[in-house]
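As the structure is a computational prediction, the values presented were derived from the model and not from experiment.
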There are 2 protein chains.
Amino acid sequence: MLIRKLDSIFDLDEEDRQALLDLPVTLRDVAAGQDIVTEGDEPSQCCIVLEGLTNWYKMIPDGRRQIVAFHLPGDIPDLQSLYLGVLDCSLAANTPCRLATVRHEDLKAICRARPRIAAALWRSSLIDGAIFREWILGMGRRSARENAAHLLCEMLVRLDAAGLAVDHQFALPLTQIEMADALGLTPVSVNRALQDLRAERLVAISRRSVRILDWAGLKRVCHFDPAYLHCRSALANAD
Amino acid sequence: MLIRKLDSIFDLDEEDRQALLDLPVTLRDVAAGQDIVTEGDEPSQCCIVLEGLTNWYKMIPDGRRQIVAFHLPGDIPDLQSLYLGVLDCSLAANTPCRLATVRHEDLKAICRARPRIAAALWRSSLIDGAIFREWILGMGRRSARENAAHLLCEMLVRLDAAGLAVDHQFALPLTQIEMADALGLTPVSVNRALQDLRAERLVAISRRSVRILDWAGLKRVCHFDPAYLHCRSALANAD
DNA sequence: CGTGCGATTGACTTTAGTCAACCATAGTGG
DNA sequence: CCACTATGGTTGACTAAAGTCAATCGCACG
């Protein structure tokens, strides 16, 4: 899974792949709703998502919550902890998750030995940054409807790149409450925005699963341009 | 300037510093308001800000604009271009700027030769990411007033860390229009938010210069916690 | 002394938030 | 197997925050 991902964002050679396979990892299962790591922690390992959906969130002391990122299978959500020390937000599981954990020292060693892998990991953290920037744009300048549409577009492309979308359809195991926390809205607004998109026959949403009915139309609604995802999904191009 | 910055975020040794000093750089001056690099470019060099204030911005085709980051002297705004290829946003100068540019190949070479420098640069891009996350929280869950206060707090700590703030006072060469584009608000709302903060005697703002009158009070307004900046400024601690 | 940009203000509109009820569904325990 | 419960989705009525529009003010600059 990790290799598939890194391969997709950087050209690795056979030795790189072997080195990755030789990394000592520990498996860890996390229940839905649980924190994987928590703000203030200083982890000595990183995790790779094998299965499930995870999110980073931040809280304001008075209880307001904001999800700042989602991570899919193949992602290394807490790669930042490798060089950042204490975490500035918490990572939680949206669904039951299976993770592989790798110790920082092993990761640092492989980066030292194989610059190509270091570059791939660095690049992956830069892509995370690019997604953050797009989210900032969305929260600052897009309407609720546009930003909801944009999130669906982003999820489709990312899930597709991870091989988790078929025919413009994918599982999106998020409640509207979680979507609201990601979009900086209230659940009521999210509900109305989604209804809107459904009424226009752009998407069909049922029981945690999304089908994009009119991909071109949905992209038009939110001016979606997948360049920021820096990935090679077919959906990221013409279509 | 670059060394000062990297030193502040990572422990370099004498040889690292010498290697950085030996990097071939080109100086470049940019006028206020000019783009330094533009969305869609594929730069073959990075720039280091020596003097001036720069910002990354994204546009929605219909003209809406969002500033997604500011970069101060010592920062390497487009470090991302080292591994990301085509830019997903544009970098502009808020003020006349003096930049030092370094070719990607030289930067990659120094990273290969001196892992400590690679780590410092990587870390610096991760800090950029941490700031993005905090901005997402702000735009999603903070009121106009809170987020304006938060931006002032962030700027104080960052400028202080760069040696550009004295006694809780610093130059902030931004119009309210630019501030609005950074906060995801309209200029009118920014004006009102700032008036609010002034009326409470938390800050004094005059001709592009800000003086924090009540640092503790200002932090309280926006629940400012500088941990996300991952820097060693005195202001980042107790105070 | 104009000119023009940016800051400020007031009146009004729009969007999203709030509150509260109700519905639908899935899982639980009897 | 079915009623019971809880969670999440939906809806409507109302509120609040921020946006819009437009006029005015203040300054720096040519």
Are any of A:N191's side-chain N or O atoms less than 4.0 Å away from OP1 or OP2 of D:dT10? yes
Would you indicate, yes or no, if D:dT11 has its OP1 or OP2 atom less than 4.0 angstrom from a side-chain nitrogen or oxygen of A:Q195? yes
If you measure from the Lys or Arg side-chain nitrogens to the Asp or Glu carboxylate oxygens, is any gap between [X] and [Y] under 4.0 Å?
X: A:R133; Y: B:D88; answer: yes
X: B:R64; Y: A:E146; answer: yes
X: B:K58; Y: A:E134; answer: yes

Positional range of nucleotides in DNA chain C within the contact set of chain B, heavy-atom, under 4.0 Å: C:dG6 to C:dA11
Set of salt bridge (Lys or Arg N to Asp or Glu O under 4.0 Å) partners for [X], sequence neighbours left out:
X: B:E200; answer: B:R145
X: B:D225; answer: none
X: B:D181; answer: A:R141, B:R65
X: B:R158; answer: B:D75, B:E154

Describe, as an angle rounded to 10 degrees, how the axis at the first end of the helix from C:dC1-D:dG30 to C:dG30-D:dC1 is tilted relative to the axis at the last end, five pairs per end. 40°
Under the rule for side-chain contact (heavy atoms from CB on, under 4.5 Å), what residues qualify as partners of A:V86, not counting sequence neighbours? A:E42
Going by the rule side-chain contact (heavy atoms from CB on, under 4.5 Å), which residues pair with A:P187 if we only count those two or more places apart in sequence or in a different chain? A:I177, A:A180
What pairs of residues pass the ring pair (Phe, Tyr, Trp, His ring centres under 6.0 Å) test when at least one of them lies in residues 138-165 of chain A, not counting sequence neighbours? A:H150-A:F224, A:H150-A:Y228
In the 5'-to-3' direction, what one-character label does each nucleotide of nucleotides 17-29 of chain D receive under the scheme B = base within less than 4.0 Å of a protein heavy atom, S = sugar-phosphate only, - = no such atom? -SSBB------S-
Is it the case that the side chains of A:S125 and A:D128 hold a donor-acceptor pair, with the cut-off being a distance below 3.5 Å and no angle test? no
Side-chain H-bond candidate by donor/acceptor type, A:S189 with A:T186, under 3.5 Å: yes
Below 4.0 angstrom, which residues in residues 56-70 of chain A have at least one non-hydrogen atom near DNA chain D? none
Between D:dT10 (C1') and A:Q176 (CD): distance, integer Å: 8 Å
Side chain to side chain donor-acceptor pair (under 3.5 Å) involving A:T26 - partner list, sequence neighbours excluded: none
